Amino acid sequence: MRVKAAEWLLLSPELFLTAAGLLLLALASFFSKAKEEFLGFLSVLAVAVTAILLVFVAAQPAREKGPILAGTFVLDNFALFFKFLILLSIILTILASIRFVGAAPYPGGEYYSLLLFTGVGMLFMVSGSNLISIYVALELMALSSYILAGYFKAEIKSTEAALKYFILGAFSSGVLLYGLSLVYGFGGKMGLADLAKLYAGTERSNLIVLAILLVLAGLLFKIAAVPFHVWTPDVYEGSPTPVTAFFSVGPKLAAYAILARIFYVAFPKFHADWGLIVALVAAATMIWGNLAALLQANVKRMLAYSSIAHAGYALLGVLGFRTSFGLWGILVYLLAYTFMNFGAFAMVIFLETKGYAAESVSDFNGLAKRNMPAAVVMLLFLLSLAGIPPTAGFIGKYYLFTAAMKAGYAWLAVLAVLASAVSLFYYFRIAAAMFFSEAAGARLQSSYALTAAVLICAVGTLLVGLAPERILEVLRSCVPGGY
Amino acid sequence: MHLDQIPILSVVTYIPIAGAIVLIFFFPKERTGAIQSFATVVAGLDFVASLPLWFAFDRGKAGYQFVERASWIPSLGVEYQFGIDGISLVLILLTTFIGFIAVYCSYTAIAERQKEYYVLLLLLQTFMIGTFCCLDFFLFYVFWEVMLVPMYFLIGVWGGERRLYAAIKFFLYTLAGSVLMLLGVIALYFYNTTGFLGYKGLGHPATFSIEKLTAVAAGMPVELQIWIFFALFFSFAIKVPMFPFHTWLPDAHTEAPTAGSVILAAILLKMGTYGFVRFSLPMFPEAIRTGWVIGLMVTLAIVGIIYGAMVTLVQKDMKKLVAYSSVSHLGFVMLGVFALNMAGLQGGILQMVNHGISTGALFLLVGIVYERRHTRMIAEYGGLARQMPIYATYFMVMALSSMGLPMLNGFVGEFAILQGAFAKSFWWAFSASTGIVLGAAYLLWLYQRVFFGEITNPANAKLPDLSLREQLTLAPLVVAAFWIGLYPKPFFEVLRVPSENIVRAVGGHTVTPPALAQERAMHAGSGR
């Protein structure tokens, strides 16, 4: 296979990010712990440059962006949207990490470069149009994240999180790979479009259905849907909080992108087979995620279950992929989710001055008195997560409920709205702690980087909630043709 | 500049939030006096700004007036659309009126975190007025839900002992109801556009315009009407609250600070009845005419009246007593609304206003002695009439207004409701009127225990009577009670055209109350 020069240019964001990650790793050995902050800003710069390169790629005429690398890499608007969102999530993560990593007794250079490597994996993932290339990119992302989970290597919890994540992740990758091998064995094809063509001319067979279900199971693990969610609370609790924040957003975005892409491009014909399963999984995920979150006293675990519940809502969009609201809804929802969920985690980081300090709900006690703007911003994120208008979370959920209704899953929509109402109860435990309890400490100060991350999230949450029109139009243009 | 050129509804809606923003950024929290005065000025200004609506409103015109339209989310068919008819007009005026009183009555009741308190009150004011102004269902939903947030904090921060429980219960209950409304709205949206669940859509352009959706919904097949009616029913019934969805109310009302209780009773409950009048009736006429649906609604209303009154009778806590009496009173409103005739509907809407005035005033009055004694238990009082004669007088007037004594506002509303109910069925009216008897019983008994006799509790021996400010918060309510009681005609005039349209939409009698009496006399005369 010969790669043409134009293709190298189209790959420039991914290539640049890889190079930046490697360079950072090398540079790290020249920096003392005290000066590591600089590496953080350097990596923000690297991601920003990647984003600019991506803008140039996006500006290329459509016919030049066709599948490249022998048809395994597509640059449609759907992929581009996810790429931008992933880069945003990495920038936010780094901004939220700088003070945190600086205070931890572990080398920061590796941390930042690992983040960039997960980024590379995700960028390839969302562009993947071939099962093998998707899988390889997914593993690049996953392996880097296992290490990130264990970044606090002297902390038992962090190590435990990494090990659990690794074992369960490897297991789910195995399931996924087995599914992929069956898919390949059935037709000798790996390209998504080829598969669709192949299935158009074949009858439904149990083997294909089995293969599809295995692929589905592997992907549901990555988005932490019930019953493949058990790793989430432990990993989220044990990982360093900025890493948790990242896990709850970045890798999930990428997993959603490929879940949606694989199912709407390659397997729409067997919708009758996987539709009901996805519907049941969505129902179980929304119910269990929300109910389990009710019982958590640890904020990170609570947000972990909440993110499980949110994965359930987003599955409604996958179910409604044939309606005009389904895929569009996923895009809107994930955009909203990125802002609000990351924002909520960033506030946990804000309280967590050192180690695992601020993890119980009571650590939020009296935040309104210690730092009123911070409490108000956190309230905004909580409202958005609960889907109260006029926030991004409401607009996102509106799309998903609409998609479910339109796709004929009215029962699921009813369940979703009720689950969403229940979720308010645990989100507002934090709100109650912030506003109704007496202060538990002195006034809190934020770092500039963290403030910037929180502000980006807050502005995004409000903007998508109050004046979404421009954004919605852009996202509509990112929905793949024909849907 | 002529009134037509000013977006007056938006002005009225957003004055309070603008005031809240100024408070946040320009008033240091230590300057409580300045904060109080400023909030009062803003609320007063809002009331003044809303008055031109009353005078400029064209009573004879069907449809919405002062309409404002702007593009908001065109890709979903969502528009920023404001406009009012007579029904929303009286409710908006009630809101700005009560809103001002709620701010003005809080000076002494609220001692800590005053800045946050007034900011929240003003925010709440904007959201409530906005809800009554909306002509776009999506926008309506936004206001409807966001309103819960400031109320949650008002109860949770400045409430009584069980405030946390009451606040979250209030929020969860009302939220659970309203999310189902969202699905109802989505269903309407799809019926109007591309169809869903086997229903073929009408293929119209996407819209959430209440006017357009009302026309569309009324033409839906009856089973779909029933489904969507019930999707909306829960959100409205919980807000009203109708029996058996009322359990959040005693907690929220009792635990909220005085101003919060006043606003809850006077305005927030009216959101539910307003929802029934604005949406349920004209949108789902066939569903409502279905025998079991109307039967269920009326049964719930009557059970609410009687059960509410009986529970009220046994309350030991004054505030709880007033709170439970709301369940009974709102049952009356629902009965009037579901009588589906002019008398019942107009009476029901007027009774919404009346309940706001009299129950709002009763909450204020209870709050006043609570500030002095820090207890609301009836047993702690007795003989207050000797010590606080002015207070006792105000209390008497408002209690009489609440129990529906002629010359006062409650009588007019209840009379029209009973008239409407009677036109439908003797038994409806009969069962409802037992509620009036019980109402007189619990209020007079309360009055007797609190005000008459000797002062038995030494703690009550030195209670100061009403201050000038306290009288000033109560006097406007008394004036309003007498005005509606003596001369309700302007209200009936404002309500006539929209009520006629609604009654016509549900296929009931569209005659005005006096004519209805004649008609009935004619029926009786034609020999049955």
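None of these values were measured; they are calculated from a predicted model. Naming: A, B, ... by sequence-line order, numbering from 1 per chain.
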Aromatic centroids of A:Phe394 and B:Phe138 separated by under 6.0 Å: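 Yes, the ring of B:Phe138 comes within the 6.0 Å limit of the ring of A:Phe394, centre to centre.
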Are the ring centres of B:Tyr141 and A:Tyr398 closer than 6.0 Å?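 Between B:Tyr141 and A:Tyr398, the centre distance exceeds or equals 6.0 Å.
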Need one label for [X]: side chain, backbone, both or neither, based on atoms under 4.5 Å from any heavy atom in chain A.
X        : result
B:Ala187 : both
B:Ser178 : neither
B:Ile73  : both
B:Ile168 : side chain

Distance, nearest 0.5 Å, that separates [atom1] of [X] from [atom2] of [Y]:
X        : Y        : atom1 : atom2 : result
B:Leu182 : A:Met405 : CG    : CE    : 9.0 Å
B:Phe171 : A:Phe425 : CZ    : CZ    : 13.0 Å
B:Arg113 : A:Met372 : CZ    : CE    : 6.5 Å

In terms of heavy-atom proximity below 4.5 Å to chain B, should [X] be classed as side chain, backbone, both, or neither?
X        : value
A:Leu466 : backbone
A:Ala407 : neither
A:Arg470 : neither
A:Lys397 : neither

When only pairs under 4.5 Å are counted, which of A:Ala368, A:Pro389, A:Ala421 shares the most heavy-atom pairs with chain B?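 Most heavy-atom pairs within the cutoff with chain B belong to A:Pro389.
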Would you mind telling me which of A:Ala467, A:Pro390, A:Ala386 has the largest number of heavy-atom pairs within less than 4.5 Å of chain B?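 It is A:Pro390.
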Taking the side chain as every heavy atom from C-beta outward, state whether [X] and [Y] have any pair of such atoms under 4.5 Å apart.
X        : Y        : result
B:Phe190 : A:Thr323 : no
A:Lys406 : B:Thr194 : yes
B:Val185 : A:Phe401 : no

More than 12 heavy atoms of other groups within 6.0 Å of A:Trp288 CH2: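 Counting other residues, nucleotides and ligands, CH2 of A:Trp288 stays at 12 neighbours or fewer.
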Among B:Tyr189, B:Tyr152, B:Phe196, residue most engaged with chain A (heavy-atom pairs, under 4.5 Å):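 Heavy-atom pair counts peak at B:Tyr152.
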Chain A: which of B:Glu145, B:Arg163, B:Glu116 shares the most heavy-atom pairs with it under 4.5 Å?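 Top count of heavy-atom pairs under 4.5 Å with chain A: B:Glu145.
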Ignoring hydrogens and angles, tell me if any N or O in the side chain of B:Trp72 forms a donor-acceptor pair with the backbone of A:Pro468 under 3.5 Å.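 Side chain of B:Trp72 to backbone of A:Pro468, a donor-acceptor pair under 3.5 Å: no, none is there.
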For B:Ser75, is there any backbone N or O sitting under 3.5 Å from a side-chain donor or acceptor partner on A:Glu469?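 Looks like yes, one N/O pair under 3.5 Å.
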Once you measure the plane-to-plane angle for A:Phe435 and B:Phe153, does it fall in the parallel (<30°), tilted (30-60°) or perpendicular (>60°) bin?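 The arrangement is perpendicular - the two ring planes meet at more than 60°.
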Search all heavy atoms of B:Leu175 against all heavy atoms of A:Leu424 and return the closest pair with its distance.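 Minimum heavy-atom separation between B:Leu175 and A:Leu424: CD2-CB, 3.8 Å.
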If you compare all heavy atoms of A:Ile388 against all heavy atoms of B:Val146, which two are closest, and at what distance to 0.1 Å?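 In this case the closest contact between A:Ile388 and B:Val146 is CG2-CA, 4.5 Å.
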